[in-house]
Enquirer: 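First, the structure itself, so that you have it in front of you.
Counting convention: from 1, in listed order, for ligands and their atoms alike.
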Amino acid sequence: MTENELSGLLIEHGQEHILEAYKRLDEEGKNKLSRQVERIDWSIVDMAVSEELAQKRGRLEPLSALEVPEIEKNKEQYEAQGLAAIRAGKVGAVLLAGGQGTRLGSDGPKGKYNIGITRDVFIFERLIRNLLDVTDKAGCFVPLYIMTSDKNNDETVAFFEEKNYFGYPKAFVKFFEQEMAPSVDFNGKLYMEAKDSLSLYPNGNGGWFYSMAVTGVLKDVKDRGIEWLNIFAVDNVLQRIADPVFVGATLSSGCVSGAKVVRKADPNEKVGVLCLEDGKPSIVEYYEMTDEMINSREANGDLSYNFGVILNYLFRVDKLEEIMNEKMPVHVVEKKIPYISESGGYVKPEEPNGYKFELLVLDMIHLLDNCLSFEVVRDYEFAPIKNKTGVDSVESAQALLKKNGVQL
Ligand code: UTP
């Protein structure tokens with residue numbers, strides 16, 4: 001981009017302060033900042049000052065789940081079907097590890113966090129252990145793709161190297177970096193984190209498939225003949241990965257995607273609920289539900305909107321390719337964003353001071369025709385680590401791991 005083009009663009013979008021910063025830089029700095037500006041999706045940045053931040057919802061209806069008793073009845077058949085797909089090389093796994101874990105307050109990748117009590121037990125290690133349970137049974141390995149971001153990629157890769165991939169064969173592991181998005185103050189002005197750099201952040205967990213494509217990792221998926229991808233979050237240390245029962249059940253349902261869900265602990269639990277929106281699968285957030293929806297019950301007394309998602313999904317690769325270029329909603333989220341002030345000082349705010357822009361994987365579900373809602377038992381499969389203490393914390397996950405016989 002020429003200097004004129006850059007200045008035109010920044011003025012057009014009311015970002016003159018970036019132009020001023022640019023003018024103060026040497027050639028190398030100018031190039032760096034200019035490359036960052038060139039990659040900005042302005043339609044996203046402009047959302048910060050648009051009136052309509054809330055997503056409009058269509059007609060919502062409950063979606064029934066394949067519940068535990070039914071799964072238990074057919075478990076052997078599902079498992080055999082799932083293991084056959086794994087052995088045929090049709091299943092890959094994608095670990096979403098590009099987040100920053102700000103709530104946990106650890107500086108590095110969340111997966112490096114040590115949750116051991118009497119010995120070292122790292123989050124990444126737990127996840128690999130869970131995957132090995134399946135691959136031991138299948139007698140073959142499942143290709144594992146790990147999404148990182150510019151902020152944590154090198155540290156993540158170095159950690160896996162240092163720990164010898166926790167016993168998983170390196171040839172079956174590939175890292176790829178997600179896209180970054182800018183951050184702005186409440187008036188839509190871009191923040192800078194250094195004199196030659198915008199404050200860029202990972203763009204949420206919803207762009208993972210697009211990032212697989214642009215980084216070239218999708219080619220590996222295709223070359224290997226993988227037809228299904230199981231994506232999962234870094235912080236649920238109890239989850240089953242490439243779970244053959246889940247794979248088998250989704251295959252026999254004929255659905256193009258599957259979502260592991262847990263029964264809500266109470267009607268007001270703060271989880272995203274899998275339902276139907278205008279006839280297509282969709283996830284509605286707890287704050288988007290009316291009181292009537294929250295308390296609505298079926299004839300058998302169960303809540304109508306009874307199942308919360310746990311960020312463990314199965315997707316058919318060919319369907320993902322079809323929807324890859326469809327526009328996903330951008331979530332504009334208030335955050336505390338460190339920045340450099342005009343005088344050049346580094347500021348770490350105590351309160352939210354602006355917006356980040358995120359794509360969310362849950363919005364992908366709505367782009368697909370159908371989704372199997374697959375119930376799992378919370379105490380056996382859901383121990384997310386979001387915070388240090390309290391709800392969804394290191395402490396609560398440790399208690400659940402112990403309950404499941406994991407030595408910490
Ligand atoms: P969270 O929404 O819990 O975000 O991510 P986070 O960044 O880990 O934690 P906080 O909110 O800053 O405390 C759910 C999953 O999505 C991944 C995370 O790594 C986690 O596995 N994720 C999130 C990404 O891969 N990229 C992102 O940009 C955001």
Enquirer: State which residues pass side chain to side chain contact (heavy atoms under 4.5 Å, CB included) with K335; sequence neighbours excluded, sorted by chain then number.
Expert: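 With sequence neighbours excluded, K335 shows a side chain to side chain contact (heavy atoms under 4.5 Å, CB included) to V333, I337, K356, E358, given in chain and number order.
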
Enquirer: Under 3.5 Å, N or O to N or O, is L104 touching ligand 1 that way?
Expert: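 Checking ligand 1 against L104, no N or O pair falls under 3.5 Å apart.
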
Enquirer: Parallel, tilted or perpendicular: which one describes the rings of W42 and H13, with boundaries at 30° and 60°?
Expert: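 Plane angle under 30°, so parallel.
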
Enquirer: Have a look at Q100, E358, R103, M180 and point out the one with the heavy atom closest to atom 11 (O) of ligand 1.
Expert: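 Going through Q100, E358, R103, M180 one by one, R103 has the nearest heavy atom to atom 11 (O) of ligand 1.
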
Enquirer: Report yes if G101 has an N/O atom closer than 3.5 Å to an N/O atom of ligand 1; otherwise report no.
Expert: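 By distance alone, the answer is yes.
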
Enquirer: Near E269 CD, under 6.0 Å, is it more than 12 heavy atoms from other residues, nucleotides or ligands?
Expert: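 Counting other residues, nucleotides and ligands, CD of E269 exceeds 12 neighbours.
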
Enquirer: Kindly confirm or rule out an N or O of F232 lying under 3.5 angstrom from an N or O of ligand 1.
Expert: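 No; the residue has no nitrogen or oxygen that sits under 3.5 Å from a nitrogen or oxygen of the ligand.
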
Enquirer: Name the closest protein heavy atom to atom 24 (C) of ligand 1, giving the residue it belongs to and the distance to 0.1 Å.
Expert: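 Answer for atom 24 (C) of ligand 1: G99 N, 3.2 Å.
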
Enquirer: Counting heavy atoms only, name the option from D392, L95, T102, V333 that's nearest to atom 12 (O) of ligand 1.
Expert: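 Looking at heavy atoms only, T102 sits closest to atom 12 (O) of ligand 1.
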
Enquirer: If I apply the N/O under 3.5 Å rule, does G98 come out as touching ligand 1?
Expert: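 Yes, at least one N or O pair falls under 3.5 Å.
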
Enquirer: Quick one: list whatever passes side chain to side chain donor-acceptor pair (under 3.5 Å) with K195, sequence neighbours left out.
Expert: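 Here no residue qualifies.
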
Enquirer: For atom 26 (N) of ligand 1, which of the options M147, K151, Q178 provides the nearest non-hydrogen atom?
Expert: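 Closest candidate by heavy-atom distance is Q178.
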
Enquirer: Under the side-chain contact (heavy atoms from CB on, under 4.5 Å) test against F374, which residue among V245, V68, N312 passes?
Expert: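 When V245, V68, N312 are each tested with F374, the side-chain contact (heavy atoms from CB on, under 4.5 Å) holds only for V245.
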
Enquirer: Parallel, tilted or perpendicular, judged at 30° and 60°: which one describes the rings of F122 and F166?
Expert: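 Because their plane-to-plane angle lies in the 30° to 60° range, the rings of F122 and F166 count as tilted.
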
Enquirer: Is the closest N or O pair between L311 and ligand 1 shorter than 3.5 Å?
Expert: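 In fact, backbone or side chain, L311 has no N or O that close.
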
Enquirer: Taking the six-membered ring for Trp, are W208 and F315 parallel (under 30°), tilted (30 to 60°) or perpendicular (over 60°)?
Expert: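 Judged by the thresholds at 30° and 60°, the geometry between W208 and F315 is tilted.
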
